[in-house]
Amino acid sequence: MATVELRFSAQPEHVRTARLVAAAVARRAGVDEAVLDEVRLAVGEACSRAVGLHRSHGITAPVSVVLTEEEKAFSIEVGDGVPDPVSDPATPGARGGASGGPDEPEGDGGEDEMGLAVISGLVDEVEVRSGADGGTIRMTWPTALAAVRP
């Protein structure tokens, strides 16, 4: 199993680099050429979401992208450092939901949900996890080897 790790500061200009690296590694892993645009778009959306979460919550830790080539699949995990409010009760509204009281505006929950909907439309297999250490979006695509093998 080959793995490439990428970490970048939460700046929007670094999202393009993450997209290019993801497409190059996906191509080398055997992801079908017709799917590479979807890989680029999904990674761009996931990284933009992570950058937005970092910036809106004042997190200075880098955004992480882990690209993993497995025998029959290629997966990408985009991680952010924003704790889940359920896992960390001291951080109300950490994921962009309601901030604390009925009179306070909601965070970026609408944009967050829209980004997840776009990713779900581009990727067949998506897993979203969150915990006290942050959240992760894992996206998986079949490789050409998986299509050839029974």
Side-chain angles (χ1 to χ4, degrees), residues 1-31 35-143:
M1 173 184 336
T3 301
V4 174
E5 284 190 55
L6 174 66
R7 293 183 184 276
F8 62 90
S9 59
Q11 301 296 323
E13 56 268 20
H14 298 308
V15 172
R16 182 172 188 270
T17 302
R19 290 176 59 202
L20 293 171
V21 169
V25 176
R27 179 178 283 121
R28 189 181 64 78
V31 173
V35 179
L36 290 179
D37 280 339
E38 293 172 7
V39 171
R40 263 191 291 276
L41 289 170
V43 168
E45 195 65 43
C47 288
S48 293
R49 178 182 175 273
V51 166
L53 286 169
H54 275 232
R55 292 173 68 112
S56 67
H57 291 90
I59 294 174
T60 58
V63 172
S64 68
V65 182
V66 179
L67 306 107
T68 306
E69 179 184 352
E70 299 167 5
E71 187 176 334
K72 296 181 181 181
F74 173 70
S75 65
I76 300 174
E77 289 188 17
V78 177
D80 64 65
V82 180
D84 181 21
V86 176
S87 299
D88 186 3
T91 313
R95 281 269 161 215
S99 298
D103 298 329
E104 292 184 40
E106 287 194 12
D108 58 356
E111 288 181 30
D112 188 44
E113 291 300 316
M114 179 64 81
L116 291 175
V118 169
I119 292 167
S120 294
L122 293 168
V123 184
D124 290 338
E125 191 175 328
V126 179
E127 179 184 353
V128 180
R129 297 184 308 256
S130 59
D133 294 333
T136 304
I137 297 176
R138 180 180 170 90
M139 303 167 283
T140 305
W141 293 268
T143 59

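Predicted model only: the values in this text are computed from it and were never measured.
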S.K.: Provide the closest heavy-atom pair for A22 versus V43 in the form atom of the first, atom of the second, distance.
M.R.: CB-CG2, 3.8 Å
S.K.: Between H54 and V82, which heavy-atom pair has the shortest distance, and what is it?
M.R.: N-CG2, 4.3 Å
S.K.: Sequence neighbours excluded, which residues qualify as salt bridge (charged side-chain N to carboxylate O under 4.0 Å, His left out) partners of R19?
M.R.: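 Checked R19 against salt bridge (charged side-chain N to carboxylate O under 4.0 Å, His left out); zero matches.
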S.K.: Could you give me the CA-CA distance, side-chain angles and deciding distance for W141 and V39, then say whether side-chain contact (heavy atoms from CB on, under 4.5 Å) is met?
M.R.: CA-CA 8 Å; W141 293 268; V39 171; 3.6 Å; yes
S.K.: Could you give me the CA-CA distance, side-chain angles and deciding distance for T140 and E127, then say whether side-chain contact (heavy atoms from CB on, under 4.5 Å) is met?
M.R.: CA-CA 9 Å; T140 305; E127 179 184 353; over 6 Å; no
S.K.: side-chain contact (heavy atoms from CB on, under 4.5 Å) with E45: which of I119, V78, L116?
M.R.: I119
S.K.: Measuring from E77:CD to T3:OG1, what's the distance to the nearest 0.5 Å?
M.R.: 9.5 Å
S.K.: For H14 and F8, which heavy atoms make the closest approach, and how far apart are they?
M.R.: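 It is CB-CD1, 3.4 Å.
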S.K.: Look up atom CZ in F74 and atom CZ in R27, then write down how far apart they are to the nearest 0.5 Å.
M.R.: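 Those atoms lie 11.5 Å apart.
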S.K.: Show your working on side-chain contact (heavy atoms from CB on, under 4.5 Å) between M139 and E38 and close with a plain yes or no.
M.R.: CA-CA 11 Å; M139 303 167 283; E38 293 172 7; over 6 Å; no
S.K.: Check L36 against A23 and note the closest heavy-atom contact, atom names and distance.
M.R.: CD2-O, 4.0 Å
S.K.: Let me confirm one number: the OG-CD distance from S120 to E113, rounded to the nearest 0.5 Å.
M.R.: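 The distance works out to 9.5 Å.
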S.K.: Sequence neighbours excluded, which residues qualify as salt bridge (charged side-chain N to carboxylate O under 4.0 Å, His left out) partners of R55?
M.R.: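 So R55 forms no salt bridge (charged side-chain N to carboxylate O under 4.0 Å, His left out) with any residue.
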S.K.: Working note: R40 + D37, criterion side-chain contact (heavy atoms from CB on, under 4.5 Å); need CA distance, chi angles, decisive distance, verdict.
M.R.: CA-CA 5 Å; R40 263 191 291 276; D37 280 339; 2.5 Å; yes
S.K.: Distance from L6 atom CG to C47 atom SG, nearest 0.5 Å?
M.R.: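 So the gap between those two atoms works out to 7.5 Å.
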S.K.: Tell me the closest heavy-atom pair linking A42 and L122, and the distance in Å.
M.R.: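 Smallest interatomic distance, heavy atoms only, reads N-CD1, 3.6 Å.
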S.K.: Testing the basics here: between V15 and S48, what is the closest heavy-atom pair and its distance to 0.1 Å?
M.R.: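 So the two residues come closest at CG1-OG, 3.7 Å.
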